[in-house]
Amino acid sequence: MRAAVLLLLFSTRLALAADPVAALNALEADNDRVEAQFDALCGAVKAGHREGPLPITDLPWATSCSLRALKLEPAVKGQQRAHVLWEVEGRRAAGARASLRGEADVVLQRVGPFAISSWADTWRETVARATPRFLERAEEAGLSLPELQVPRRTEAELLAGGLTVRDVTNDGVPELFTVDANEVVRFDRRSASPLRYARSTLYRFPRAVLATSVTGGDFDGDGDVDLLLTGYPQVTPVVLRNDGDTFTPAPLPTRVRGNFVSAVPADFDGDGDLDVAFLPYDLGAGFPWDMLEARDGDRPVFVRGGPGVSFLPWALPARALTPRWTLAGVAGDLLGRGSPQLYLANDFGTNDLYVFLPDGGVQNEATAAGLDDPGNGMSADLGDFDGDGALDLSVSNMFSKAGTRIIAAARVTPALKGRLAKFAQGNSMYLARDGGFSEVAVARGVNRGLWAFANLMTDLDDDGQLEVAVANGYLSRPNRRDL
């Protein structure tokens, strides 16, 4: 997550050249020169010029343009082959918004004036933009947080984040809860038109603790929404019991301490009470030893729910739980067995699907179900994406143009190259098919969510079909273009 491009470099450094760092620097320096020319071409497109190589004659007005190299070969006799990713958004002659995008094999003229002398689309599509756009209104609605007044933000503060939207007052209007440094912040709606929220601090951890997540659930079984909080480092989670919109901390087993970044509540044991899976990720531990299949992280921790807020330790066999770098999870009956399973999105390797057994045990069936999804798993969500009545699985991963270029230049076996390519390919989408799953993210065009951190399947345009929304971004210096 924190340096996935470095992951690709470390994995391929022996295959690039005798001096891998110099070879990579030369590759990226040349790419910077090429993309500066691409930016000039895009500038001409936005200025109204249509005589260039981009196939966009049916889009007379362009408001944005992106042209980037996914593969760049060395120049030979003044010509250079490349594989590019492009997208132009604007308006058609009748005024309707649209995006044209695709990939192409091109030949660049590198002697004399820069030019694209050959263009061959490998795929191309037009996406109509008939639905209303979303406009950023958080600050004016009172939904923003003040900038932290600290000398220097730590990496943990930059990576931590949690949000839940739940109606804790049972008045039909949801409240918003999020984390900010060591605080859990609450937003209550004060008016609908204009939209206005009021901010207050709901809970404050000790100053040295970083609040990492806030999750809603009826943990005491009284019909309203309670809240579950996690923190870092080595914090015992906190349940805030909701009694008439008055929140009271309730204890968890004292043995439950860890570097938890999130929690997933569900009735895993089928007794009618919410159980909880706490998901660990050591935000300050650096990198794992094996970035392709890390098993030196921490195991998830489980507690069983009981009457009221009476969680009991759940000592599952350690050998059944893989120590991972887990960022997020989601619970649901993916396998159609009548009870929820737990799917975990893991950084630096494959993901897990834990199935809870009638005897109180658990087993990981991710590989058997075809859902292990190697990559830098950031988050996951469940929903019926294709409308066939079965749950599908969306997983957010990192899409990296720089990583794609590095892998393309690596001299490794085809099997290893394919494995590495998955780490830069982006999001995954698994559709339920005849008792199994089919991965279709590239085919459906939902893989490129950039440096994705969180995903959500929801019907954004009220047409009865689910879309995939992806939250992305990261610090980039000095070159921002690859994000």
Test salt bridge (charged side-chain N to carboxylate O under 4.0 Å, His left out) applied to R405 and E35, step by step: CA-CA 13 Å; R405 287 194 302 272; E35 290 194 349; 3.7 Å; yes

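- The shortest distance between side-chain heavy atoms of L393 and V395 falls below 4.5 Å.
- Taking 4.5 Å as the limit, some side-chain heavy atom of D245 sits within range of a side-chain heavy atom of V168.
- At a cut-off of 3.5 Å, with distance as the only test, no side-chain donor of N397 or Q425 sits close to an acceptor on the other residue.
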Residues Q341, D333; criterion side-chain hydrogen bond (donor to acceptor under 3.5 Å, both in side chains); working and verdict: CA-CA 6 Å; Q341 300 93 46; D333 189 9; 3.0 Å; yes

V84 and F38: CA distance, side-chain angles, deciding distance, side-chain contact (heavy atoms from CB on, under 4.5 Å) verdict: CA-CA 10 Å; V84 298; F38 286 168; 3.9 Å; yes

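- Interatomic distance, R448 CZ to M398 CE, rounded to the nearest 0.5 Å: 13.0 Å.
- Under the 3.5 Å distance criterion, with hydrogens and angles disregarded, no donor-acceptor pair is assigned to the side chains of D392 and Y430.
- The minimum heavy-atom distance between A432 and D388, with the atom names listed, is O-OD2, 3.6 Å.
- Residues P237 and F278 are in side-chain contact: their nearest non-hydrogen atoms beyond the backbone lie under 4.5 Å apart.
- Not one N or O on the side chain of S144 forms a donor-acceptor pair closer than 3.5 Å with the backbone of A138.
- Using a 3.5 Å distance cut-off with no hydrogens or angles, the side chains of S394 and D381 do not pair a donor with an acceptor.
- With hydrogens and angles left out, the side-chain atoms of Y281 and D298 include no donor and acceptor closer than 3.5 Å.
- Residues forming a side chain to side chain donor-acceptor pair (under 3.5 Å) with D372 (at least two apart in sequence, or on another chain): T367.
- Nearest heavy atoms, W119 versus P55: CZ2-CD, 3.6 Å.
- Heavy-atom neighbours of K71 NZ from other residues, nucleotides or ligands within 6.0 Å: at or below the threshold of 12.
- L163 places none of its side-chain heavy atoms less than 4.5 Å from the side chain of V214.
- Between the CD atom in E87 and the SG atom in C42 there is a gap of 10.5 Å [rounded to 0.5 Å].
- The CD atom of E183 lies 12.0 Å from the CG atom of L229; values are rounded to the nearest 0.5 Å.
- D188 pairs by the salt bridge (Lys or Arg N to Asp or Glu O under 4.0 Å) definition with R186, not counting sequence neighbours.
- A donor-acceptor pair under 3.5 Å is formed between the side chain of T178 and the backbone N or O of G162.
- Checked against side chain to side chain donor-acceptor pair (under 3.5 Å), E125 has the following partners two or more places apart in sequence or in another chain: R101.
- Residues D296 and D290 have side chains not in contact (no heavy-atom distance under 4.5 Å, counting atoms from C-beta outward).
- Identified under the ring pair (Phe, Tyr, Trp, His ring centres under 6.0 Å) test for residues 168-208, with sequence neighbours left out: Y203-F205.
- Looking at residues two or more places apart in sequence or on another chain, you find no salt bridge (Lys or Arg N to Asp or Glu O under 4.0 Å) involving D121.
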Audit row: V185, L145, side-chain contact (heavy atoms from CB on, under 4.5 Å) steps and yes/no: CA-CA 9 Å; V185 179; L145 295 169; 4.0 Å; yes

Y232 vs D282, side-chain contact (heavy atoms from CB on, under 4.5 Å): CA-CA, chis, key distance, verdict: CA-CA 8 Å; Y232 172 90; D282 193 343; 2.8 Å; yes

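- For the residue pair S99 and E89, a side-chain donor N or O sits within less than 3.5 Å of a side-chain acceptor on the partner.
- Applying the salt bridge (Lys or Arg N to Asp or Glu O under 4.0 Å) rule to pairs touching residues 162-173 yields nothing, sequence neighbours excluded.
- With contacts defined as side-chain heavy-atom distances shorter than 4.5 Å, the pair R190/L195 does not qualify.
- No hydrogens or angles considered: nothing links the side chains of T458 and E467 as a donor-acceptor pair under 3.5 Å.
- Between the CD atom of E139 and the CG atom of L143 there is a distance of 10.5 Å, given to the nearest 0.5 Å.
- Annotation: the span from K401 atom NZ to L72 atom CG amounts to 14.5 Å, rounded to 0.5 Å.
- Pairing each heavy atom of A380 with each of Y343, the nearest pair is CB-CD2, 3.8 Å.
- D347 and N376 form a side-chain donor-acceptor contact under 3.5 Å, judged by distance and modelled atom types alone.
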Salt bridge (charged side-chain N to carboxylate O under 4.0 Å, His left out) assessment of D180 paired with R199: CA-CA 12 Å; D180 184 38; R199 183 182 71 230; over 6 Å; no

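- Applying the side-chain contact (heavy atoms from CB on, under 4.5 Å) criterion to S193, with sequence neighbours excluded, gives no partner residue.
- Considering all non-hydrogen atoms of both residues, M378 and L327 come closest at O-CB, 3.5 Å.
- Side-chain atoms of S396 and N427 include no donor-acceptor pair closer than 3.5 Å.
- For the pair P233 and A208, the tightest heavy-atom approach, listed with the atom from each and the gap, is CD-O, 4.0 Å.
- Within the structure, no pair that satisfies the salt bridge (Lys or Arg N to Asp or Glu O under 4.0 Å) test touches residues 214-234, not counting sequence neighbours.
- Ring geometry, F268 versus F302: the interplanar angle exceeds 60°, so the pair is classed perpendicular (tilted spans 30 to 60°).
- For P323, the side-chain contact (heavy atoms from CB on, under 4.5 Å) partners two or more places apart in sequence, or in a different chain, are R299.
- In this structure, the side-chain contact (heavy atoms from CB on, under 4.5 Å) partners of S262, at least two apart in sequence or on a different chain, are S213, L279.
- R124 meets the salt bridge (Lys or Arg N to Asp or Glu O under 4.0 Å) test with D58; sequence neighbours excluded.
- By the 4.5 Å heavy-atom criterion applied to side chains, K46 and T63 are not counted as neighbours.
- Considering all non-hydrogen atoms of both residues, A263 and V276 come closest at CB-CG1, 3.9 Å.
- Taking 4.5 Å as the limit, some side-chain heavy atom of T215 sits within range of a side-chain heavy atom of P265.
- Between D352 and R324, at least one side-chain N (NZ, or NE/NH1/NH2) sits under 4.0 Å from a carboxylate O, which counts as a salt bridge.
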side-chain contact (heavy atoms from CB on, under 4.5 Å) assessment of V301 paired with W314: CA-CA 8 Å; V301 174; W314 192 353; over 6 Å; no

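- Cation-pi geometry between R91 and W61 is not satisfied (NZ or CZ under 6.0 Å from the ring centre, within 45° of the ring normal).
- Residue T404 holds its OG1 atom at 9.0 Å from CG of L85, rounded to the nearest 0.5 Å.
- For D275, the salt bridge (Lys or Arg N to Asp or Glu O under 4.0 Å) test picks out no residue, with sequence neighbours left out.
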